[in-house]
Amino acid sequence: MYRRLFFLLIIFHSLSIFGQTLIRMNSQHSFQKDVPKGNYSGLTWLGGERYAIVSDKAPQSGFFIFRIQIDSINGDIINIRTEGFRSSGVKNHDEEDIAFFPKDSTVFISRESDNKIMEYSLVGQLTGRELLIPPVFNDATKQYGFEALTYNKMTHRFWSTSESTLKGDGKQADSKNSVRNKLRIQSFNDSLQPMEQYIYLMDTPKSHASASVFAMGVPAIVALDNAKLLILEREFAVKPGKIGSYVINKIYAVDPSTEEPIHMDLPLPSTPPYMKKHLIVEWKTSLSLFRQDLANYEGMCLGPKLVDGNQVIILCADSQDQYKGILQDWFKTIVISPK
């Protein structure tokens with residue numbers, strides 16, 4: 001009895017530290033009649049039912065405007081329709097995520113090909129401003145540069161990271177080496193200057209030597225009103241012949257206010273102060289003869305609060321233009337407690 005009580009106290013203490021708990025995970029949906037096939041890699045809430053969404057393979061740099069209708073009781077997605085694309089008139093730079101900056105009514109977009117985070121007006125034009133990236137991120141590989149991006153108006157912080165380990169920080173995870181990615185989680189203030197930086201340790205990938213394509217990284221972060229962060233870990237393995245391919249998604253909560261920052265331009269210490277993380281939810285999608293719900297979730301953003309005060313988180317998957325008619329542009333929500 002005392003041992004059981006001890007473990008319950010440990011669980012309660014953990015929840016009291018991290019605050020966020022999963023209330024509900026809703027099913028994924030696709031809306032092929034109203035949502036054009038795409039490579040949707042990130043989204044941000046503009047208010048009401050309006051969201052800005054980026055595609056990493058759109059012909060031009062810019063973003064879509066979607067209307068996403070959310071059930072105010074259970075947080076599920078009722079319908080999605082598009083209001084078109086806002087183009088900057090220049091070429092796409094492998095644009096992976098997007099964050100609304102309400103102070104200036106603009107959005108910032110993380111661009112993996114040139115490793116920049118640029119500001120755009122709400123009609124899609126570049127403003128000429130960008131986040132000042134610490135030089136350590138110049139070490140990011142082209143395939144695993146800046147992807148995740150978020151902003152919270154309550155904390156006045158942007159947050160971003162490279163998708164995988166920087167060259168100078170160690171090896172990157174693959175399907176064979178069982179390496180855990182080490183990511184520098186970087187914040188920026190309202191003046192677009194770099195602020196606190198923390199070190200985050202991903203989970204160990206599964207070993208699948210037969211995978212023809214493998215991706216392991218953090219594609220999205222959500223900054224919550226209480227200053228905590230939600231970190232989306234994604235493991236994507238494509239098998240020869242495609243059958244048996246899978247995606248594993250995990251969402252963790254971290255609390256930067258309780259963590260030790262690291263120096264943003266020095267090598268990692270021999271014993272890095274990794275952020276403590278608390279698993280909120282995990283799910284797997286796959287491709288088999290009997291199951292074809294494979295969904296490469298890359299985008300995640302804060303949505304509205306429900307009538308009961310719980311918080312909606314919205315996710316979107318990159319279908320690679322609905323690859324060979326097999327993949328779909330999936331969207332889903334989870335609901336978490338507000339504190």
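Source: prediction; values computed, not measured.
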Which of Glu147, Glu96, Arg111 passes side chain to side chain contact (heavy atoms under 4.5 Å, CB included) with Asp56? Answer is Glu96
Sorted by chain and residue number, the side-chain hydrogen bond (donor to acceptor under 3.5 Å, both in side chains) partners of Thr106 (sequence neighbours excluded) come out as Glu119
Quick one about Gln186 and Gln197 (side-chain donor to acceptor, distance below 3.5 Å, no hydrogens or angles considered), yes or no? yes
**Item:** Donor-acceptor under 3.5 Å (Ser41 side chain, Glu95 main chain)
**Value:** yes
With a 3.5 Å distance limit and no angle check, can you tell me whether Asp139 reaches the backbone of Gly168 through a side-chain donor-acceptor pair?
yes
Exercise for the section: Please step through side chain to side chain donor-acceptor pair (under 3.5 Å) for the pair Ser110 and Asp97, ending with a clear verdict. Expected result: CA-CA 5 Å; Ser110 57; Asp97 211 348; 5.4 Å; no
Practice problem: May I ask you to check whether Gln60 and Ser87 show a side-chain donor-acceptor distance below 3.5 Å? | Solution: yes
Partner of Ser337 under side chain to side chain donor-acceptor pair (under 3.5 Å), picked from Thr21, Asp308, Asn310, is Thr21
*Kindly check if the number of other-residue, nucleotide or ligand heavy atoms within 6.0 Å of NZ (Lys171) is above 12?*
no
Tightest non-hydrogen contact, residues Cys316 and Gly42, listed as SG-N, 4.1 Å
ask   = Distance only, no hydrogens: is a donor on one side chain within 3.5 Å (strictly under) of an acceptor on the other, for Asn92 and Ser61?
value = no
Contacts of Ser105 meeting side-chain contact (heavy atoms from CB on, under 4.5 Å) (sequence neighbours excluded), chain-then-number -> Leu122
Check your understanding: Is the backbone of Gln193 close enough, under 3.5 Å, to the side chain of Ser191 for a donor and an acceptor to pair up by distance?
Key -> no
Correct closest heavy-atom pair for Tyr151 and Ala99 would be N-CB, 3.9 Å
Requested in this report: List the steps and the verdict of side chain to side chain donor-acceptor pair (under 3.5 Å) for Glu259 and Tyr200.
Outcome: CA-CA 11 Å; Glu259 301 294 345; Tyr200 179 88; over 6 Å; no
Between Arg157 and the options Asn189, Asn152, Leu229, the side chain to side chain contact (heavy atoms under 4.5 Å, CB included) test singles out Asn189
In Leu224, Thr44, Thr150, the residue satisfying side chain to side chain contact (heavy atoms under 4.5 Å, CB included) with Leu302 is Leu224
Query raised in the report: If only atom types and distance count, is the side chain of Ser162 paired as donor or acceptor with the main-chain N or O of Leu166 below 3.5 Å?
Result: no
message: I want to know whether Phe100 and Phe108 have ring centres closer than 6.0 Å.
response: no
**Request:** Answer yes or no: is there an ion pair linking Glu83 with Arg50, defined by an N-O contact shorter than 4.0 Å?
**Result:** yes
Any side-chain donor-acceptor pair under 3.5 Å between Gln32 and Gln328?
-> yes
- Query: Do Glu112 side-chain atoms and Gly145 backbone N/O form a donor-acceptor pair below 3.5 Å?
  - Reply: yes
Charged N to carboxylate O under 4.0 angstrom, Lys284 versus Glu235? no
Practice item. Report yes or no: does Lys332 contribute a side-chain atom to a donor-acceptor pair with the main-chain N or O of Asn26 at less than 3.5 Å? Key: yes
Sequence neighbours excluded, the answer for ring-ring contact (aromatic ring centres under 6.0 Å, His included) partners of Phe137 is Phe146
Residues Thr165 and Tyr144: side-chain donor-acceptor under 3.5 angstrom: no
After noting the C-alpha distance and the side-chain angles of Trp283 and Tyr297, does the key distance pass the ring pair (Phe, Tyr, Trp, His ring centres under 6.0 Å) rule?
CA-CA 11 Å; Trp283 72 99; Tyr297 284 100; 5.8 Å; yes
Verify whether the ring centers belonging to Phe66 and Tyr40 lie closer than 6.0 Å.
yes
Separation between OG (Ser175) and CG (Asn177), nearest 0.5 Å, reads 8.0 Å
Heavy-atom closest pair (Ile262 atom, Arg184 atom, distance to 0.1 Å) is CD1-NH1, 3.9 Å
ask   = Can we say Asp318 and Arg234 salt-bridge, meaning some charged N sits less than 4.0 Å from an Asp/Glu carboxylate O?
value = no
On a heavy-atom basis, the closest approach of Phe214 and Pro205 is CZ-CB, 3.7 Å
Smallest heavy-atom separation, Asp203 atom then Met216 atom, equals O-CE, 3.4 Å
Will you find, in the side chains of Asp293 and Gln28, an N or O donor that is under 3.5 Å from an N or O acceptor? no
Test salt bridge (charged side-chain N to carboxylate O under 4.0 Å, His left out) on Lys276 and Asp255; report intermediate values, then the result.
CA-CA 8 Å; Lys276 294 181 290 294; Asp255 185 355; over 6 Å; no
Within a radius of less than 6.0 Å around NZ of Lys250, do more than 12 heavy atoms belonging to other residues, nucleotides or ligands occur? yes
Using a strict 4.0 Å threshold on nitrogen-to-oxygen distance, state whether Lys103 and Asp190 make a salt bridge. no
_Under 3.5 Å, is there a donor on one side chain and an acceptor on the other for Asn74 and Asp76?_
no
Determine whether Val222 and Trp330 fall in the same hydrophobic cluster, where Ile, Leu, Val, Met, Phe, Trp and Tyr are linked whenever their side-chain heavy atoms lie under 4.5 Å apart. yes
- Looking just at side-chain N and O atoms, do Asp329 and Ser319 make a donor-acceptor pair shorter than 3.5 Å? yes
| said: Counting only heavy atoms from other residues, nucleotides and ligands, does the tally under 6.0 Å from CZ of Arg67 exceed 12? | reply: yes
When rounded to the nearest 0.5 Å, the distance separating CD1 of Ile280 from CG of Leu22 is 7.5 Å
